[in-house]
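Proteins come first, then strands; the chains are lettered A, B, ... in the order of their sequence lines, and each starts at number 1.
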2 protein chains.
Amino acid sequence: MEDIDRQIVVLLAGDGRMSFTDLARETGLSVSAVHQRVRRLQKRGVIKGYSAVLDHEAVGLPLTAFVSIKPIDPAAPDDAPEKLAHLDEIEACHSVAGEESYILKVRVTSPGALEELLQQIRAAANVSTRTTVVLSTPYEGRPPRL
Amino acid sequence: MEDIDRQIVVLLAGDGRMSFTDLARETGLSVSAVHQRVRRLQKRGVIKGYSAVLDHEAVGLPLTAFVSIKPIDPAAPDDAPEKLAHLDEIEACHSVAGEESYILKVRVTSPGALEELLQQIRAAANVSTRTTVVLSTPYEGRPPRL
DNA sequence: GCTGAAAGGCCCGGGCA
DNA sequence: TGCCCGGGCCTTTCAGC
């Protein structure tokens, strides 16, 4: 991937609804050339999709937390991601190096809902949990530099 | 915010480029009614923006890590987010409860780049760091349920 | 707040350099 | 590849209810 593709990717990471016309102006290419490149980037999977960026407080999910999980039985097969996928409060699941096996990012309506969610996580995946509550988020989802 | 707004928000969180025509079909409203609602949701800040979802491996940032930071001098004013904002490798910064003060999510090209970034973080914000490397990401950025 | 229509702009093919 | 062009769809606005 070379320079103009990088530029397109960064622009769309910053504004996912930027029009092809604006993209063309920014890159110095014609509209159809940009169009072609974006299609290729999507087809190759470099751009996996588009998403609205939400204000989680405004949509009623003001409490964010990171939940690190560790299997109770280290010998059991590790399919925690599948077993937890049905819980919509889990926004992301990362397999990590270190003492714990996964870090989950969760969003809930209230401390009570967090408590309930943690119980569901422990029961569904047979894990212990360690939770870090987010107090505020100075920034999030910044576009990369490339 | 009521039911149809919620529905629109979830749909756009799942596909940020969904057309107003499709949105209208899904919600059962007319195109202009949907358009009006989306504009209002944006104006109110419920929808903060739109973003392309990238394959970070494909764009050349295959290494993700969580970096927890703690001030060296607990008495010093805590302006770590501002002092770190210039580092583009930092995708997100969360202030958290617990032993550490912030959790950063970073994306870099290589272990070497991570090492260098950690030095920059420690130097820029006068903090100690604890790093958890991400091995794989089963899922990320899932839309909420609402 | 919703509807419907109308104008303008944008998307997105095909064809050619 | 990148550019030009044309048809069709989408966006956006504006009365009218």
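- Listed by first and then second residue, the salt bridge (Lys or Arg N to Asp or Glu O under 4.0 Å) pairs that reach into residues 3-21 of chain B are B/Asp5-B/Arg37, B/Asp5-B/Arg40, sequence neighbours excluded.
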CA sep, side-chain torsions, deciding dist, call: A/Leu41, A/Val9, side chain to side chain contact (heavy atoms under 4.5 Å, CB included): CA-CA 8 Å; A/Leu41 288 167; A/Val9 165; 3.9 Å; yes

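- Taking atom OH of B/Tyr50 as the reference point, atom P of D/dT11 lies 11 Å away to the nearest angstrom.
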Base versus backbone protein contacts along nucleotides 6-17 of chain C [heavy-atom cut-off under 4.0 Å; B, S, -]: ----SSBB----

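- Looking at residues two or more places apart in sequence or on another chain, you find a ring-ring contact (aromatic ring centres under 6.0 Å, His included) between B/Phe20 and B/His35.
- Within the hydrophobic cluster formed by Ile, Leu, Val, Met, Phe, Trp and Tyr side chains joined at under 4.5 Å, directly or through other members, A/Ile72 stands alone, with no partner residue.
- Using a 4.0 Å heavy-atom distance criterion, A/Ala33 is classed as a sugar-phosphate-only contact.
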Show me, pair by pair, the donor-acceptor contacts under 3.5 angstrom made by side chains of residues 56-70 of chain A, not counting sequence neighbours?
residue: A/His56; atom: NE2; partner: A/Arg107; partner atom: NE; Å: 3.1
residue: A/Thr64; atom: OG1; partner: A/Arg107; partner atom: NH1; Å: 2.8
residue: A/Lys70; atom: NZ; partner: A/Glu99; partner atom: OE2; Å: 3.1

Report, one line per pair, each donor and acceptor closer than 3.5 Å where one atom sits in a side chain of residues 24-32 of chain B; sequence neighbours left out.
residue: B/Arg25; atom: NH1; partner: B/Asp22; partner atom: OD1; Å: 2.9
residue: B/Thr27; atom: OG1; partner: B/Leu23; partner atom: O; Å: 2.8
residue: B/Thr27; atom: OG1; partner: B/Ala24; partner atom: O; Å: 3.3
residue: B/Thr27; atom: OG1; partner: B/Leu29; partner atom: N; Å: 3.4
residue: B/Ser30; atom: OG; partner: B/Ala33; partner atom: N; Å: 3.2

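- Rounded to an integer number of Å, the gap from CG of A/Asp5 to C1' of D/dT1 is 12 Å.
- Whole-Å rounding puts the A/Leu29 CG to D/dT1 P distance at 12 Å.
- The separation between B/Arg40 atom CZ and D/dT12 atom P is 17 Å, rounded to whole Å.
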